[in-house]
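This report concerns only the one structure given below.
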Amino acid sequence: MGSLFRYISDAIATTARTGSCVLCNSESQLFPIECAVDTDEWTIESDYCENLCAVCIRLTPLRRFLVRRGERIVQQFVNQQFPKGTLAPDERVGKMVSICDEYRRTPTFPLFLQGEDWPHCCGDFCEYLGFPESYERSIQLGREMQCWEGDFEELYGDMTLEPESLHEVCIFRCLTCDGRMFTWQCT
């Protein structure tokens, strides 16, 4: 689990570019995130992306961040971790809000060309570890790791995992069981 962002490994977070934050104007590492910080007219259909420093991502009101597709399953996470009757209703809601808050404040580092599909396991979202360091490593992933979308051979037949860009392949790790998986969203 990353120390800056729960669902982004620190190794990836440290690769963020340096520049001037659009909110506080500090010279710091900037993280791409879908939000609208400059308008009260923002709606979920809006397409805003800002480069903010980690401090501003933490301090900006949550309502300014885009509601992410994966948030729909957070109630299932809580039900999986805490079967009904094991938590008071307000504690259940608190757990869901905490997960959604952290997830919504997660930078958009992974490249999801076909729409966001953030893997989850053991009742939580997985940590993004990056992309393969070489095409040779990418080919090995199809044989070594679980493909998030399903069985790699069933999905792709005898095709090898050779993307146009290595950034199309995203590697994730479960924060609980340490299981590794990957996504491949090709163009």
Side-chain angles (χ1 to χ4, degrees), residues 1-74 77-78 93-121 123-134 148 163-176 180-187:
M1 161 175 29
S3 59
L4 275 178
F5 303 102
R6 179 176 175 84
Y7 303 121
I8 302 287
S9 76
D10 286 339
I12 294 301
T14 58
T15 66
R17 71 179 182 86
T18 302
S20 181
C21 177
V22 299
L23 276 181
C24 68
N25 295 317
S26 70
E27 202 57 33
S28 56
Q29 284 188 298
L30 301 178
F31 302 93
I33 192 152
E34 293 178 335
C35 68
V37 295
D38 59 352
T39 179
D40 288 327
E41 310 274 325
W42 183 65
T43 65
I44 193 170
E45 291 82 24
S46 300
D47 187 19
Y48 290 95
C49 188
E50 301 286 359
N51 289 305
L52 303 179
C53 68
V55 172
C56 287
I57 288 173
R58 289 282 168 232
L59 297 177
T60 298
L62 192 60
R63 71 180 182 280
R64 296 289 185 190
F65 293 93
L66 180 69
V67 174
R68 294 174 80 163
R69 185 176 135 187
E71 289 181 54
R72 293 180 286 174
I73 60 171
V74 171
F77 292 174
V78 173
V93 170
K95 293 276 185 199
M96 288 186 280
V97 167
S98 175
I99 292 170
C100 286
D101 184 311
E102 194 66 44
Y103 183 59
R104 203 177 291 181
R105 294 178 191 278
T106 299
T108 55
F109 276 116
L111 180 61
F112 290 118
L113 296 170
Q114 300 167 4
E116 186 173 284
D117 189 18
W118 201 288
H120 51 86
C121 186
D124 201 356
F125 292 105
C126 293
E127 176 185 30
Y128 173 62
L129 301 177
F131 52 88
E133 62 276 357
S134 68
W148 171 245
E164 290 179 36
S165 165
L166 290 174
H167 291 271
E168 294 175 8
V169 179
C170 299
I171 303 170
F172 294 86
R173 176 183 75 87
C174 175
L175 295 170
T176 302
R180 307 292 166 119
M181 62 199 77
F182 69 91
T183 63
W184 180 22
Q185 291 194 357
C186 48
T187 55

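Keep in mind that what you see is a predicted model, and the values were worked out from it rather than measured.
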Taking every non-hydrogen atom, the tightest pair across [X] and [Y]:
X	Y	value
F65	C35	CD2-CB, 3.6 Å
A16	Q29	O-NE2, 3.7 Å
C53	S28	CB-OG, 3.2 Å
A11	T14	O-OG1, 3.0 Å
I99	V78	CD1-CG2, 4.3 Å

Verify, without hydrogens or angle tests, whether [X] (side chain) and [Y] (backbone) share a donor-acceptor contact under 3.5 angstrom.
X	Y	value
R105	I57	yes
R104	R64	no
R68	T106	yes
N51	L30	no
S98	K95	no
W118	C126	yes
R58	V55	no

Find the distance between [atom1] ([X]) and [atom2] ([Y]) and round it off to the nearest 0.5 Å.
X	Y	atom1	atom2	answer
E127	R173	CD	CZ	4.5 Å
E116	E34	CD	CD	7.0 Å
D101	R6	CG	CZ	12.0 Å
C170	W148	SG	CH2	13.5 Å
E133	L166	CD	CG	8.5 Å
L23	T60	CG	OG1	5.0 Å

**Request:** Specify whether F125 and F77 have parallel, tilted or perpendicular ring planes, treating 30° as the upper limit for parallel and 60° as the lower limit for perpendicular.
**Result:** perpendicular
**Request:** Kindly indicate, with the supporting measurements, whether the criterion ring-ring contact (aromatic ring centres under 6.0 Å, His included) is fulfilled by F5 and F109.
**Result:** CA-CA 11 Å; F5 303 102; F109 276 116; 7.8 Å; no
With side chains defined as the heavy atoms from C-beta onward, is the minimum distance between [X] and [Y] less than 4.5 Å?
X	Y	result
D124	Y103	no
P132	I171	yes
P110	F172	yes
R72	V74	no
I12	L129	no

